[in-house]
Amino acid sequence: MEANMKTHIAFVSVPIYSHLLSMIEFCKRLIHLHRHFHCTIIIPTVESSGNAQKALLEGLPSTSSIQYIFLPPPNINDVVSHETNPAALVQISMYRSLPNIYEELNKLFVSEMSPVGTVVVDALLDQVVEFANDQNALSFVYFPSTAMMLSLCLYSSELDKAVSCEFKDLTEPIKIPGCVPVHGSDLPDSLQDRSNQEYQIFLQAGQRFHKANGVLVNTFSELEPGPLRAIREGPGPIVYPVGPITQNAAESSTHDCLKWLDKKPHNSVIYVCFGSGGTLSQEQLDELAMGLELSGQNFLWVYKPPSKFGTVADVGAENNDPLQYLPSGFLERTQEQGMVVPFWAPQAQVLNHMAIGGYVCHCGWNSIVESIINGVPLIAWPLFAEQTLNAAMVSDALKVALRPKCKDQGIVERHKIAKLVKRLIRGEEGEAFRHRMNELKLAASKALQEQGSSTRALSEFALKCKSFMNKKTSV
């Protein structure tokens, strides 16, 4: 390998904003620490979407060592309609994009200027691991979630053999290696119906992870020592805890919500947001609105209207006035107490603001990581996917979150919401959580320092990729 040739890594993302965001931030950190690397990100797309994802990459400097390839959306008209759940739409699009992914990878493998020797693939497209191995390339899984979730993935086949009923019907907690025991109902959606195809896909993914040369996890050793130790002591792949990987709050923003926060006292505002893809039913939105009002606490609410797909936001819906779904008179009654922002707010900057004292969070891992690096305690309100497992982690293992209890039909009532908000913002319990979060904030900062645990793990990954390519090109 020529001395001036960069080590070229291909990344394969998925058409999910939070996953792509995490992968881009990882690439930026890799190149910041190891200037001799070059990254090309292959990104499958879904019809009629992707503008937000493209904006993530178009903001990169023109001289950036990160390039990207947006694949054309596959034709899926034969299996989907306007009534297809967005999550299913994404999954079908990913699988039908595999031939195009393999074609682009093959081009990168034989590039004369800078051939690729390593492929890093998002955990949801684990099939690419076997393809990379067949092409004599190093294969790594980028896991934008917890070591707890990774431990479950690697252990899923054994768990499947040990349990005969549905996990939600178990009376005893489930013991994932290295983790706090969790209720079966807190396992990811994919494991809640053993007759469903999603269940088998989950098991197969766990098996493919074993075939990778390593797994890059968006966590750090001081945050999850138990599951990381269990993975390392098991027969699974090498694990590289390289987190926290997240957006930089130092980027400037002039959003009106930040100006509003500037006028509020320290730790006085509860931030409410259910991620880029989450929402609530009309009934639950009403209860949340009234609960925030009853709490008497300042609030900043990033609001999405109800969706025909339940808790998954309808990204294709047209809505000129999303605030029309709020209870009558709510905005007028709370104009001094709160601010409602339709659809989006600069979350990294919001959570970094001194006025924020707590976060009603859907428990997407990106959002939890942003909370940790800013020392913000949580009200854990999971919606779908692995968010229930994340909620169990932050409430039971890390002890930095309150978790609401629902009625039988899954509705959290307004008086319970009001009580939780007051406990987190004003109560001794919330203060204890805030102290614990600040300890984790300090640990996260240390992990990213020059000799920190995550920086060392990233350097080990970089050295492995560079050494492999040196050997390959010298043959």
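Values in this document were obtained by computation on a predicted structure and should not be read as measured data. Any value given below was found using the heavy atoms of this structure, including those in side chains, with hydrogens, waters and symmetry copies removed.
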Verdict with reasoning, L154 to L150, per side chain to side chain contact (heavy atoms under 4.5 Å, CB included): CA-CA 6 Å; L154 297 173; L150 177 58; 4.1 Å; yes

ring-ring contact (aromatic ring centres under 6.0 Å, His included) evaluation trace for Y142 with F11: CA-CA 9 Å; Y142 184 73; F11 288 78; 7.5 Å; no

T388/R403 under side chain to side chain donor-acceptor pair (under 3.5 Å): CA gap, chis, key distance, verdict: CA-CA 10 Å; T388 47; R403 192 169 177 185; 5.6 Å; no

Stepwise side chain to side chain contact (heavy atoms under 4.5 Å, CB included) check, N298 with L261: CA-CA 10 Å; N298 295 323; L261 287 172; over 6 Å; no

Worked verdict on Q91 versus V14 for side chain to side chain contact (heavy atoms under 4.5 Å, CB included): CA-CA 9 Å; Q91 187 173 70; V14 294; over 6 Å; no

Worked verdict on L389 versus I176 for side chain to side chain contact (heavy atoms under 4.5 Å, CB included): CA-CA 11 Å; L389 191 67; I176 304 169; 4.1 Å; yes

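In terms of modelled atom types and a separation under 3.5 Å, the side chain of E431 and the main chain of R426 share no donor-acceptor contact. For the pair H38 (side chain) and H8 (backbone), a donor-acceptor distance under 3.5 Å is absent. Although no hydrogens or angles enter the test, the distance criterion places a donor-acceptor pair under 3.5 Å between the side chain of E224 and the main chain of A147. Not a single donor-acceptor pair under 3.5 Å links the side chain of E293 to the backbone N or O of T334. Between the S295 side chain and the K422 main chain, no donor and acceptor come within less than 3.5 Å of each other. Not one N or O on the side chain of E287 forms a donor-acceptor pair closer than 3.5 Å with the backbone of E413. Of the possible donor and acceptor atoms, none in the side chain of S445 sits under 3.5 Å from a partner among the backbone N and O of L442. The closest donor-acceptor contact from the side chain of R434 to the backbone of L424 lies under 3.5 Å. Not a single donor-acceptor pair under 3.5 Å links the side chain of S454 to the backbone N or O of F220. Put simply, the side chain of R423 never gets that close to the backbone of E429: no donor and acceptor are under 3.5 Å apart.
In this structure, the separation between CG on L440 and NZ on K399 is 13.0 Å, given to the nearest 0.5 Å. Here the CD1 atom belonging to I43 is positioned 10.5 Å from the CD1 atom belonging to I101, to the nearest 0.5 angstrom. Note: L105 CG to I42 CD1 = 4.0 Å, rounded to the nearest 0.5 Å. Interatomic distance, OG1 of T246 versus CD1 of I373, reported as 4.5 Å (0.5 Å rounding). I174 contributes atom CD1, which lies 11.5 Å from atom SG of C179 (distance to the nearest 0.5 angstrom). D122 contributes atom CG, which lies 11.5 Å from atom CG of L216 (distance to the nearest 0.5 angstrom).
With L300 as the partner, the side-chain contact (heavy atoms from CB on, under 4.5 Å) test is satisfied by one option alone out of L258, I270, V340, V341: V341.
Under the 4.5 Å side-chain criterion, counting only non-hydrogen atoms from C-beta, M393 is not in contact with V180. The shortest distance between side-chain heavy atoms of P44 and L125 falls below 4.5 Å. For the pair N100 and P72, the minimum side-chain heavy-atom distance is below 4.5 Å. Within the 4.5 Å cutoff, the side chain of C257 has heavy atoms near those of the P346 side chain. Two residues are said to be in side-chain contact when any heavy atoms from C-beta on lie closer than 4.5 Å; Q284 and V412 meet this criterion. Between W365 and F143, every side-chain heavy-atom pair lies at or beyond the 4.5 Å cut-off. At a threshold of 4.5 Å between non-hydrogen side-chain atoms, the residues N196 and I201 do not count as touching. Put simply, the side chain of F209 does not reach to within 4.5 Å of the side chain of V129, judged on heavy atoms.
For N366 and E370, the side-chain atoms include no donor-acceptor pair closer than 3.5 Å. If you check the side chains of H353 and Q349, you find no donor sitting under 3.5 Å from an acceptor.
Of all heavy-atom pairs spanning L124 and Q127, the tightest one is O-OE1, 4.2 Å. A380 and V394 make their closest contact through CB-CG2, 4.1 Å (heavy atoms, listed as atom of the first residue, atom of the second, distance). Among all heavy-atom pairs drawn from C273 and V302, the shortest one is SG-CB, 3.9 Å. The heavy-atom pair separating S371 from M437 by the smallest distance is CB-CE, 4.1 Å. When all heavy atoms are compared, the tightest approach of I425 to G357 is CD1-C, 3.7 Å. Minimum interatomic distance between G243 and L448 (heavy atoms only, all atoms of both residues): O-CD2, 3.8 Å.
Residues satisfying the side chain to side chain donor-acceptor pair (under 3.5 Å) test with E386, not counting sequence neighbours, are none. Not counting sequence neighbours, D396 has no partner by the salt bridge (charged side-chain N to carboxylate O under 4.0 Å, His left out) test.
More than 12 heavy atoms of other residues, nucleotides or ligands lie within 6.0 Å of NE2 in H255, so this atom counts as buried by the packing criterion. Within 6.0 Å of atom CD in E428, 12 or fewer heavy atoms from other residues, nucleotides or ligands are found, so the atom counts as exposed in its surroundings. Other residues, nucleotides and ligands contribute more than 12 heavy atoms inside 6.0 Å of the NE2 atom of H34.
Under the 4.0 Å criterion applied to side-chain N and carboxylate O atoms, E222 and K446 are not assigned as salt-bridge partners.
For the ring-ring contact (aromatic ring centres under 6.0 Å, His included) condition, the pairs that include at least one residue of residues 271-302, sequence neighbours left out, are Y271-Y359, F274-W381, F299-F330, W301-Y303.
Checked against the 6.0 Å centroid criterion, the rings of F140 and F461 qualify as a close aromatic pair. Ring pair Y68/F70: centre-to-centre distance below 6.0 Å.
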